[in-house]
Amino acid sequence: MKPKLILIGNGMAGVRTLEELQKIAPGKYETTVFGAEPHVNYNRILLSPVLAGEKTFDEIVINDRSWYDDNEITLHTGRKVVSIDRKHRVVLAEDGTEASYDRLILATGSQPFILPVPGKELEGVVGFRDIHDVSRMLDASQKHKHAVVIGGGLLGLEAANGLLKRGMHVTVVHLLDTLMERQLDKPAAALLRRSLEDTGVNFLLEAQTEAILPAPRALAEEPPRVGSIRFKNGTEIPADLVVMAVGIRPNIELAKSCGIHCERGIVVSDTLQTYDPRVYSVGECVQHRGNLFGLVAPLFEQAKVCANHLAEYGIGRYQGSVTSTKLKVTGIDLFSAGDYLGGNGYEELVFQDPTRGVYKKLVVKDNKVKGAVLYGDTVDGSWYFQLMRENTDIADFRETVMFGRAHMADSGREGQSVMGMSADAEICGCNGVCKKTIVDAIVGKKLFTLDEVRAHTKASASCGSCTGLVEQILAATVGNYDQTPKEKPMCKCTEHAHDTVRAAIVEQGLKTMDAVFKALEWKTADGCHSCRPALNYYLLCAWPDGYKDDPQSRFINERVHANIQKDGTYSVVPRMWGGLTTPNELRAIADVADKFKIPTVKVTGGQRIDLLGVKKEDLPKVWGDLNAAGMVSGHAYGKSLRTVKTCVGSEWCRFGTQDSTGLGVKLEKITWGSWTPHKFKMAVSGCPRNCAEATIKDFGVICVDSGYEVHVGGNGGIKIRGTDLLCKLGTEDEVKEYCGAFMQLYREEARYLERTAPWIERVGLTYVKSRIVEDEEGRKVLNERFLVSQQTAQVDPWAERVQGKEQELFQPLRALA
Amino acid sequence: MNDWLPIGTLDDIPRLGSRVVETVFGDIALFRTAADEVFALRDRCPHKAGPLSQGIVHGKRVTCPLHNWVLELESGAVVAPDVGCAQRFEIKLEDGRVYLARS
């Protein structure tokens, strides 16, 4: 018999927990859900757009009945649980329904706090919490005129906006002198107040409600209805509808009544367990490390952790969340995250343009972003939030950080705003996905996360350069939800992020892939196409001498040492050191092309010759002939050192200052054969005219009269990025040492499939300089480690296979007539 | 009744790898999982005809090398949300020998 799981509370946090559980341990429990509301599960954050008439209820349903049926979950709607017998593990609903459990989730949510003033029970006084409240407000908006919203926080302002849209005369009453004081500083709050006033909302600030007064009744038998509000200072204003939005209180009565420890909320540990280990709790009803919750992102994180423990994986821990907020009022762009107030040891970077109605503030400490408030221009909200969560050192771009990502060296496409784009604007160039397709999928398929959008639309699933845009569309469409500031897991096989896995490999001395799977509790028996190549690389990098490379964990190109083409044939690129070749090599290439009927011969961007359209079974023979002419693999297919591009330099060029070709050849001889997190390209230019285009390479050298300028972190590609100047050096030997040290630092610290450009943007050039330029001892050690790993890496894969290694890979097992 | 064609031995196929059987109707890919099960699919991804035999095998699935579509080895079905199916063939394993059903 399956163990029984009961969820009390059919809201976002509870049902999300079930969804997460279905993903990792489907059918593990016999599951029953009790919901007090008579509805299926819906997206509470979107009640504001429903109130404003921008969405319908159907559009905000997350899971309809068929979802519960498909997952064999019993759903009791409209049945409030009134008691829990923890000794016998039975819950009892109002209507007498009983159910027993082995595990219980309390997700009872919260309720609006109603001010304890006379008249609070009058007809027409509502909270803003569920769809029932919304329909009461809509009903009032059709029959009455004056609405008063008590509370100038996020929810109150969204309610005010909705009621205004419904044609009511709206006054917002707030106890303090500034709006949304939990998200905004005073200047931003003032701007917000002005724009809301422009739309027609009235404000009464520093006003304390004394009593809610009834309207004169037309008929004695009607229940008394609200008519006006009186404040402490004696003023009175008309009110046909009063919305209380002064805060929420966790629903803890049920938990309390069965003796579960509660303070302000139901107290839970990092595993989301209450003091009764059989009883879990998630959502707005919980109190974790002294905090209560009102935004959705932390609830989803809790759901994930809770599901992890219910599935008995036992590795997830919830350690709190940093959240960001957006106001869902059409026409007002507002973003706030982290410590937005600053003060006390914090610095504030402020940008103001009153005419455009733009205000931006970043709170910074030790060159790390700690908080942000954006008003009027929120395009960079997600970028600042990312800087916050990655704890990025902004020293290198501090002078331009206020102007946003578009002003960074890597401008690219992520600086654009999606809000202004038309529906048919192409967002993902790789997969040809336009904005409308993404929005439709998010709405139609109820998607919540970037991974889901990727799976359903393929947007940002290939090169990933449009990830920022897709995240913006997701945020704009779904509402107040952001990726949380944690490192993402490597893939769906694990909870661990790249850096954690990598550190564990070194610290725990894990030397095989199976050891990693076991020590880090992988969820799959043998990983997937995403994590296995990464692990293979991490193991290879950590143990250059001891790890046996696993060909089955390599992408096909690295397995057969050639580049797969769209028709299943391969391309072959022989190495030409520094771009130099000879008549003999060219003759051999021409002969090979003739002999094997190779259809296309092309010169590549990295100054090499590409033979395209080689059949797989011909590969070893092609390599054999090229080997015989003295050529080895060019590794044009690998996450490895690709090419060193050079110009002719001082040997021939009248402007050349140093022997750039010679230095390029030397660098290529040192670095060929090395595996790196992503492809690695180099160039050496003989003078600042830079004919070898060294300033868009991962490692580029520009020769000058006095020596060598070393540049790092550039790339062409989708998002072009010019290099950063690392330092200036005097001799070739120094360049070689810096090159080895830089490559090794990149090999050891960048995440798999992260090129040097995003890696440097993530860790900061200052950090790279501190390791390579300022720390002489450390640089020599890094270079030494690089050279050691090269001793085992520099084996020509072609020659090995010409001699018969893995020859079965190139031949069919059998040919059937 | 199936007519079983001997193809080779289990050891001919690398674990978590694949080998190809050429036929007049096109290639058939034989996959071997970590648990030494063998499955056979037409060596053609339903998306853009990528050679599945060149993909990465994980669990009872293979990822196509061209655009990372994932297929179930047991059924040939493409894993959602993508849709499609590669033709599957019956395989028999006996005393470490692999047989393919002639159908």
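Letters A, B, ... mirror the listed sequences (proteins, then strands); counts begin at 1.
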Exercise. Can you tell me if CZ on B/Arg88 sees more than 12 non-hydrogen neighbours from other groups inside 6.0 Å?
Worked result: yes
Exercise. Within a reach of under 6.0 Å around CD of A/Glu72, are more than 12 heavy atoms found that belong to other residues, nucleotides or ligands?
Worked result: no
Exercise. Does a side-chain heavy-atom distance below 4.5 Å link B/Pro51 with A/Ile564?
Worked result: yes
Exercise. Tell me, side chain or backbone of A/Ala455 under 4.5 Å from chain B's heavy atoms, or both, or neither?
Worked result: both
Exercise. For B/Ala34, is it the side chain, the backbone, both, or neither that has a heavy atom closer than 4.5 Å to a heavy atom of chain A?
Worked result: both
For this session: Sort A/Lys458 into side chain, backbone, both or neither according to what part of it lies under 4.5 angstrom from a heavy atom of chain B.
Result: side chain
For this session: Taking all heavy atoms of B/Pro65 and all of A/Ile556, pick out the closest pair and write down the distance.
Result: CB-CG2, 3.7 Å
Problem set entry | chain A contacts, top residue of B/Val24, B/Val57, B/Asp43, B/Thr33 (heavy-atom pairs, under 4.5 Å) | B/Val57
Exercise. Is any side-chain heavy atom of A/Thr524 closer than 4.5 Å to a side-chain heavy atom of B/His58?
Worked result: no
Exercise. With only heavy atoms counted, which part of B/Val98 is less than 4.5 Å from chain A, the side chain, the backbone, both or neither?
Worked result: neither
Problem set entry | Part of B/Leu66 within contact of chain A (heavy atom distance under 4.5 Å) | side chain
Problem set entry | Atom NZ of B/Lys48 with >12 non-hydrogen neighbours under 6.0 angstrom | no
Exercise. Would a 4.5 Å heavy-atom cut-off, applied to side chains only, mark A/Arg814 and B/Leu100 as touching?
Worked result: no
Exercise. Counting heavy atoms not belonging to A/Lys615, are there more than 12 under 6.0 Å from its NZ?
Worked result: no
Exercise. Can you tell me if A/Arg559 uses its side chain to pair, donor with acceptor, with the backbone of B/Gly55 under 3.5 Å?
Worked result: yes
Problem set entry | Segment of B/Arg61 engaging chain A (4.5 angstrom heavy-atom cut-off) | neither
Exercise. Between A/His529 and B/Asn68, is a side-chain contact (heavy atoms from CB on, under 4.5 Å) present by the stated rule, with each step listed?
Worked result: CA-CA 8 Å; A/His529 66 261; B/Asn68 281 347; 4.1 Å; yes
Exercise. Is it the side chain or the backbone of A/Gln565 that comes within 4.5 Å of chain B heavy atoms, both, or neither?
Worked result: backbone
Exercise. Considering only heavy atoms, which portion of A/Pro533 lies under 4.5 Å from any heavy atom of chain B: side chain, backbone, both, or neither?
Worked result: side chain
Problem set entry | Greatest number of heavy atom pairs closer than 4.5 Å to chain A - which of B/Val21, B/Thr23, B/Leu16, B/Val70 | B/Leu16
Seminar exercise, completed: Between A/Gln552 and B/Pro14 the two heavy atoms that sit nearest each other are NE2-CB, 3.2 Å
Problem set entry | Spatial distance of atom CG (A/Asp526) from atom NZ (B/Lys60) [nearest 0.5 Å] | 11.5 Å
For this session: Verify, without hydrogens or angle tests, whether A/Arg554 (side chain) and B/Ile56 (backbone) share a donor-acceptor contact under 3.5 angstrom.
Result: no
Problem set entry | Separation between CG of B/Asp27 and CG of A/Leu816, rounded to the nearest 0.5 Å | 10.5 Å
Problem set entry | B/Leu30 portion near chain A, given a 4.5 angstrom heavy-atom threshold | side chain
